[in-house]
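Structure, as structure tokens:
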Amino acid sequence: MIVVVLLAGLALVAGVTGILALLGQLPGNGYLGVRTPETRRSPEAWRLANAAAGPAFLAAGGALALGALGLGLIGGWIGALVVVGALLGALALFNVAGIAGARAAAAWQATRDDDEPGCCSAGGCGDHAAPAASCDPHSPAGDPADPSADCGVTGGCGSCALKGMCETETSTR
């Protein structure tokens, strides 16, 4: 009986999270929703990412509810198999939700990066307005010959298609 109540509670939490996410009403928090670096960049990224993940959250809630129902109505070892299947299905759906949300936030950020200079910018040094000759070639972010130098990454971005995707590393220069 405890497992049925626990599964039903988890189903309720997942379902409410999915509904709030779809409606764009899921508040930024540290417990529910897609919590990745991409989604934490702005409230708009959070809202879009969780709206994209909402259907998978709802499906996971449905899977958990079916597991609770199966155990409550069937019982025995068959009910236990239903619970295991429901838990595995819910975990897979939560994974799908996270991937969908992170991709939506990254796509949104990529559209924002097209308007803002940043990593791998055409002028090097991270500023389209500044001519490359004005960059300090001795600073880690000032090599005008390397458009990825404004990332601060040792080894560069590899491609200007990665604009905004570089992670800062400590340079040993």
Side-chain angles (χ1 to χ4, degrees), residues 5-68 86-130 135 139-142 146-171:
V5 171
L6 210 92
L7 283 173
L10 289 173
L12 183 64
V13 169
V16 169
T17 300
I19 291 169
L20 289 174
L22 282 173
L23 296 175
Q25 300 298 315
L26 186 65
N29 64 78
Y31 303 105
L32 300 174
V34 180
R35 301 172 322 275
T36 64
E38 295 89 2
T39 63
R40 297 292 187 147
R41 289 190 179 164
S42 74
E44 182 67 16
W46 173 264
R47 189 188 65 72
L48 289 171
N50 282 290
F57 285 138
L58 281 173
L64 291 169
L66 286 175
L87 288 173
L88 291 175
L91 286 174
L93 288 164
F94 284 134
N95 191 26
V96 167
I99 291 169
R103 284 187 176 186
W108 177 80
Q109 185 65 38
T111 63
R112 304 269 305 152
D113 287 341
D114 288 343
D115 299 332
E116 300 171 8
C119 175
C120 300
S121 57
C125 300
D127 186 3
H128 289 292
C135 298
S139 73
D146 183 9
S148 66
D150 57 328
C151 290
V153 175
T154 57
C157 298
S159 168
C160 285
L162 297 176
K163 181 167 55 174
M165 303 302 284
C166 295
E167 295 293 327
T168 303
E169 296 177 4
T170 310
S171 179

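These values consider heavy atoms only, across backbone and side chains, with no hydrogens, waters or symmetry-generated copies. The first residue of the sequence shown is numbered 1, and numbering continues consecutively from there.
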| request: Over all heavy atoms of both residues, which pair between A21 and N50 is shortest? Give the atoms and the distance, please. | output: CB-O, 3.0 Å
| Can you list every pair that meets side chain to side chain donor-acceptor pair (under 3.5 Å) and has a residue in residues 10-33, with sequence neighbours left out? | none
| query | Looking at W46 and V34, what are the two nearest heavy atoms and their distance? | reply | CZ3-O, 3.1 Å
| R35 CZ: over 12 foreign heavy atoms closer than 6.0 Å | yes
| All side-chain contact (heavy atoms from CB on, under 4.5 Å) counterparts of V16, not counting sequence neighbours | L12, L20
| request: Over all heavy atoms of both residues, which pair between L22 and P55 is shortest? Give the atoms and the distance, please. | output: CD2-CD, 3.6 Å
| What are the two closest heavy atoms between A68 and A8, and how far apart are they? | CB-N, 3.9 Å
| request: Report the residues that fulfil side-chain contact (heavy atoms from CB on, under 4.5 Å) with A102, sequence neighbours left out, ordered by chain and then residue number. | output: T36, E38
| task | Applying side chain to side chain donor-acceptor pair (under 3.5 Å), name anything that partners R47, two or more places apart in sequence or on another chain. | result | E44
| query | Which heavy-atom pair separates G15 from L58 by the least distance, and what is that distance? | reply | O-CD2, 3.4 Å
| task | Please report the shortest heavy-atom distance between A63 and A90, naming the atom on each side. | result | CB-N, 4.3 Å
| remark: Output for pair (L66 CG, L7 CG), nearest 0.5 Å, gives 10.5 Å
| Partners of A11 by side-chain contact (heavy atoms from CB on, under 4.5 Å), sequence neighbours excluded? | L64, A65
| said: Could you work out, with side-chain contact (heavy atoms from CB on, under 4.5 Å) as the rule, every residue matching A56, not counting sequence neighbours? | reply: V96, A97
